[in-house]
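Please read the structure below before turning to the comments.
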Amino acid sequence: MRGTVPTHTAKSRLDEDEVPTAATLRVLRPRRASPTDVARPTRAEINLAHVRHNLRELEACLGEGTGTGAARAPRTEVWPVLKADAYGHGAPAIARTLERAGVSGLCVALLEEGLELRNAGLGCPVLVMGGYYGRHRDGVEALVEHNLTPVVYEASQIESLVSALRYVRSAPDRNGPSERLAVHLKVDTGMARLGVTEADIAPVLAALRQAPELELVGLMTHLACADGETLAYTDEQLRRFAAVDALVRRAGFAPRVRHAANSAAMLQRPDARFELVRPGLAIYGVDPCPALPRAGLRSPRLRPVMEVVTEIVALRDVPEGACVGYGYTWKAARPSRIATIPIGYADGLSRALSNRGAVLVGGRRAPIVGTVSMDLTMVDVTDVPGAALREPVVVLGRQRGRLGEDEIGSAELAEKTGTIAWECLTSISRRVPRIYRQA
Ligand SMILES: *Cc1c(COP(=O)(O)O)cnc(C)c1O
């Protein structure tokens with residue numbers, strides 16, 4: 001039954017949302033509405049062909065900025081970031097699409113997210129970037145057993161990985177990797193979030209040296225200002241990264257890959273691409289900094305992957321002076337036609353769009369009027385002739401209709417609500433079923 005802790009005897013009933021893990025680790029994931037469970041017409045359409053397209057576009061960008069002809073650097077690997085349920089798109093489907101499209105690895109933030117991908121049958125390397133593997137041994141053991149690739153930045157993480165590896169290998173009923181476990185070392189070059197600083201690196205390298213079970217394959221950092229205009233911040237972070245890289249190599253390690261670039265950095269800074277890049281947002285079809293100049297660099301032609309659509313479920317004509325919604329924050333300045341759509345802030349349509357946002361009906365913008373409520377929102381369709389019950393409404397995405405064609409992107413929603421496209425996408429809640437399309 002939903003909501004109960006899955007036991008081992010119940011294992012056969014585990015579905016995609018309940019992740020079976022190491023013996024004692026139970027990770028419950030709240031269940032997302034599935035298309036077959038819902039009566040309401042509100043849904044997020046996820047276009048997997050666009051995921052493939054965006055990956056190819058990003059690869060094309062990498063191909064151009066890294067030198068020409070024979071001097072071209074070896075191919076930079078793309079490890080897309082699938083944290084937060086692939087930015088709200090549904091991690092298993094996005095991961096399968098990317099794996100089939102040939103990516104050599106994937107990144108997530110949480111151990112739980114890595115386990116979800118393994119449970120969905122993904123076999124490629126999965127980098128767990130967050131660095132927290134639980135308060136108890138079972139987290140580290142699950143990580144090891146599922147051959148996930150941890151990010152480390154503290155001696156204690158390295159020690160607990162080694163101890164879990166030894167245990168799992170010695171236990172007859174457990175299966176750890178037979179080779180050395182790949183790890184990536186995370187360096188804090190200025191973000192002050194996670195990672196070891198240059199000043200504190202000695203004990204971490206010492207712990208790695210005493211851990212022959214582990215192989216340091218990657219050196220990574222994260223850039224704080226790659227989508228901003230001040231290049232000097234990124235310059236300084238890259239300078240510190242180079243210093244730590246030199247230190248690590250002098251200490252006898254030879255990490256195969258260095259990586260620093262999120263979407264913005266991979267598009268703006270060829271000098272931050274190194275051997276591997278970690279784009280998130282761009283994979284989902286959104287350019288993090290379309291307005292920044294990209295002298296000599298290719299700008300990818302990205303296609304948004306997610307659209308949020310619904311239908312008109314109620315229509316009414318109101319006289320001039322009538323009010324709409326909680327708090328009566330909108331008053332009709334003329335006789336108006338008001339449509340109700342079944343999506344609200346609990347679905348991820350920000351309440352900040354009250355009297356500010358718009359949706360598309362018939363290919364034309366219809367303004368949101370009154371306050372967005374939890375489940376419902378009203379829009380003014382007075383200027384949308386022929387608006388009808390059950391008519392499709394686009395909340396996020398492009399619509400071509402009898403009255404024209406228009407698009408509402410996540411960047412526009414973000415602008416209107418004082419946030420960023422990342423938050424708009426990850427806010428689409430589990431109440432909204434994801435429908436996957438291949439074209
Ligand atoms: C989220 C994240 C990324 C991807 O960032 P985008 O801006 O979405 O491309 C890359 N690296 C790390 C460490 C992250 O946390």
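Computed from a prediction, not measured in an experiment: that's the story for all the values here. Heavy-atom basis, side chains included; hydrogens, waters and symmetry copies ignored.
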Next item on the list: Verify, without hydrogens or angle tests, whether Asn54 (side chain) and Arg303 (backbone) share a donor-acceptor contact under 3.5 angstrom.
Entry: yes
Margin query: When you compare the side chain of Arg298 with that of Glu57, does any pair of heavy atoms fall below 4.5 Å?
Written below: yes
Margin query: How long is the straight-line distance from CZ of Phe241 back to CD of Glu236, given to the nearest 0.5 Å?
Written below: 14.0 Å
Notebook entry, point to check: Short question: side chain of Ser354, backbone of Val372 - any donor-acceptor pair under 3.5 Å?
Noted result: yes
Checklist line | Any donor-acceptor N/O pair, Thr221 side chain to Val187 backbone, under 3.5 Å | finding: yes
Next item on the list: Going by the side-chain contact (heavy atoms from CB on, under 4.5 Å) test, name the single residue among Leu276, Val244, Asp245 that passes it with Arg258.
Entry: Asp245
Check: Hey, does Val183 have a side-chain heavy atom less than 4.5 Å from the side chain of Val151?
Finding: no
Check: For Glu407, does its backbone N or O pair with a side-chain atom of Arg365 as donor and acceptor, under 3.5 Å?
Finding: yes
Check: Would you say the side chain of Leu376 lies within less than 4.5 Å of the side chain of Ile343, judging by non-hydrogen atoms?
Finding: no
Notebook entry, point to check: Would the number of heavy atoms belonging to other residues, nucleotides or ligands and lying under 6.0 Å from CE of Met191 be above 12?
Noted result: yes
Next item on the list: Measure the spacing between OG1 of Thr426 and CG of Leu281 and express it to the nearest 0.5 Å.
Entry: 10.0 Å
Check: Do Arg273 and Thr76 have a side chain donor and acceptor closer than 3.5 Å?
Finding: no
Next item on the list: Indicate yes or no for a side-chain donor-acceptor contact from Asp287 to the backbone of Cys289 under 3.5 Å, with no hydrogens or angles considered.
Entry: yes
Check: Roughly how far, to the nearest 0.5 Å, is the CD1 atom of Ile46 from the CE atom of Met306?
Finding: 4.5 Å
Notebook entry, point to check: Quick one: does Ser263's side chain have a donor or acceptor within less than 3.5 Å of a partner on Ala282's backbone?
Noted result: yes
Notebook entry, point to check: Considering all heavy atoms of both residues, which atom of Leu55 and which atom of Ala101 are nearest to each other, and what is their separation?
Noted result: CD2-CB, 3.7 Å
Margin query: Please check if the number of heavy atoms outside Glu229 that lie under 6.0 Å from its CD is greater than 12.
Written below: no
Item checked: Residues Glu307 and Arg398 bridged, charged N to O under 4.0 Å -> no
Checklist line | Side-chain heavy-atom pair Glu59, Arg75 within 4.5 angstrom cut-off | finding: yes
Next item on the list: Indicate yes or no: at least one non-hydrogen side-chain atom of Asp406 is less than 4.5 angstrom from one of Gln399.
Entry: no
Next item on the list: Show your reasoning for whether side-chain contact (heavy atoms from CB on, under 4.5 Å) applies to Tyr284 and Ile94.
Entry: CA-CA 9 Å; Tyr284 308 104; Ile94 299 292; 4.1 Å; yes
Check: Between Asp235 and Arg239, does at least one N-O distance fall below 4.0 Å, as a salt bridge requires?
Finding: no
Margin query: I need the Leu396 CG to Leu360 CG distance, nearest 0.5 Å.
Written below: 9.5 Å
Next item on the list: Of all the heavy-atom pairs spanning Tyr133 and Gln157, show the shortest one and how long it is.
Entry: CE1-NE2, 4.4 Å
Notebook entry, point to check: Honestly, is Arg174 close enough over Tyr167, meaning NZ or CZ under 6.0 Å from the six-membered ring centre and within 45° of the axis?
Noted result: no
Next item on the list: Keeping the roles fixed (side chain from Glu141, backbone from Val168), state whether a donor-acceptor pair exists under 3.5 Å.
Entry: no
Notebook entry, point to check: In terms of side-chain heavy atoms, does Arg278 have a donor or acceptor partner in His222 at a distance below 3.5 Å?
Noted result: yes
Notebook entry, point to check: Side chain of Arg437, backbone of Ala439: donor and acceptor closer than 3.5 Å?
Noted result: yes
Check: What pair of heavy atoms forms the shortest contact from Ala421 to Ala411, and how long is it?
Finding: CB-N, 4.3 Å
Note to self: Can you tell me how far apart CG (Leu115) and CD (Glu145) are? Round to the nearest 0.5 Å.
What the structure shows: 10.0 Å
Note to self: Testing the basics here: between Gln438 and Asn47, what is the closest heavy-atom pair and its distance to 0.1 Å?
What the structure shows: C-OD1, 4.4 Å
Next item on the list: Just say parallel, tilted or perpendicular for the rings of His184 and Trp79, cut-offs at 30° and 60°.
Entry: tilted
Checklist line | Trace of the salt bridge (Lys or Arg N to Asp or Glu O under 4.0 Å) decision for Arg256 with Glu275 | finding: CA-CA 8 Å; Arg256 183 180 63 76; Glu275 291 78 35; over 6 Å; no
Notebook entry, point to check: Is the closest side-chain heavy-atom distance between Ile368 and Asn355 below 4.5 Å?
Noted result: no
Checklist line | salt bridge (Lys or Arg N to Asp or Glu O under 4.0 Å) assessment of Arg43 paired with Asp347 | finding: CA-CA 10 Å; Arg43 59 204 184 273; Asp347 300 297; over 6 Å; no
Next item on the list: Before accepting this row, confirm whether a basic side-chain N of the pair Glu116/Arg32 lies closer than 4.0 Å to the acidic partner's carboxylate O.
Entry: no
Margin query: With a sphere of 6.0 Å drawn around CZ of Arg52, does it hold more than 12 non-hydrogen atoms of other residues, nucleotides or ligands?
Written below: yes
Check: Has Tyr233 got more than 12 heavy atoms of other residues, nucleotides or ligands less than 6.0 Å from its OH?
Finding: no
Notebook entry, point to check: Would one find more than 12 heavy atoms of other residues, nucleotides or ligands at under 6.0 Å from atom CZ of Arg169?
Noted result: yes
Check: Distance only, no hydrogens: is a donor on one side chain within 3.5 Å (strictly under) of an acceptor on the other, for Thr36 and Ser34?
Finding: yes
Margin query: Assess the residue pair Asp188 and Arg193 against the criterion (salt bridge (Lys or Arg N to Asp or Glu O under 4.0 Å)); give the C-alpha distance rounded to whole Å, side-chain angles, the decisive distance to 0.1 Å, and a yes or no.
Written below: CA-CA 7 Å; Asp188 176 9; Arg193 191 172 74 169; over 6 Å; no
Note to self: Let's go through Leu238 and Leu223 carefully: what are the C-alpha distance in whole Å and the side-chain angles of both, what is the deciding distance for side-chain contact (heavy atoms from CB on, under 4.5 Å) to 0.1 Å, and is it a yes or a no?
What the structure shows: CA-CA 8 Å; Leu238 293 177; Leu223 300 171; 4.2 Å; yes
Margin query: Looking at Glu113 and Ala109, would you say the former's side chain and the latter's main chain have a donor-acceptor pair under 3.5 Å?
Written below: yes
Next item on the list: Give the C-alpha distance, both sets of side-chain angles, the deciding distance and a yes or no for side-chain contact (heavy atoms from CB on, under 4.5 Å) between Val128 and Leu110.
Entry: CA-CA 6 Å; Val128 182; Leu110 312 186; 5.7 Å; no
Check: So does Glu198 pair up with Arg240, basic N to acidic O under 4.0 Å?
Finding: no
Margin query: Can you tell me how far apart CG (Asp37) and CZ (Arg431) are? Round to the nearest 0.5 Å.
Written below: 14.0 Å
Next item on the list: Flag the pair Arg430 and Asp85 as a salt bridge only when some basic side-chain nitrogen lies within less than 4.0 angstrom of an acidic carboxylate oxygen.
Entry: no
Next item on the list: Heavy atoms only: give me the nearest Val432-Ala44 pair and the separation to one decimal.
Entry: CG1-N, 3.4 Å
Next item on the list: Indicate whether any N or O donor in one side chain lies under 3.5 Å from an N or O acceptor in the other, for Thr329 and Thr371.
Entry: no
Margin query: Do Ser373 and Arg351 pair up side chain to side chain, a donor and an acceptor below 3.5 Å, judged on atom types alone?
Written below: no
Check: Do you know the tightest heavy-atom contact between Gly190 and Gln237?
Finding: N-NE2, 3.8 Å
Note to self: Is the shortest side-chain heavy-atom distance between Val126 and Val108 below 4.5 Å?
What the structure shows: yes
Next item on the list: State whether the number of non-hydrogen atoms from other residues, nucleotides or ligands found under 6.0 Å of Arg301 atom CZ is greater than 12.
Entry: no
Item checked: Trace of the side-chain contact (heavy atoms from CB on, under 4.5 Å) decision for Glu311 with Ile341 -> CA-CA 6 Å; Glu311 291 175 3; Ile341 54 174; over 6 Å; no
Next item on the list: Taking Glu99 for its side chain and Cys124 for its backbone only, find out whether a donor-acceptor pair lies under 3.5 Å.
Entry: yes
Notebook entry, point to check: Do Cys107 and Leu82 come within less than 4.5 Å of each other through their side chains, counting heavy atoms only?
Noted result: no
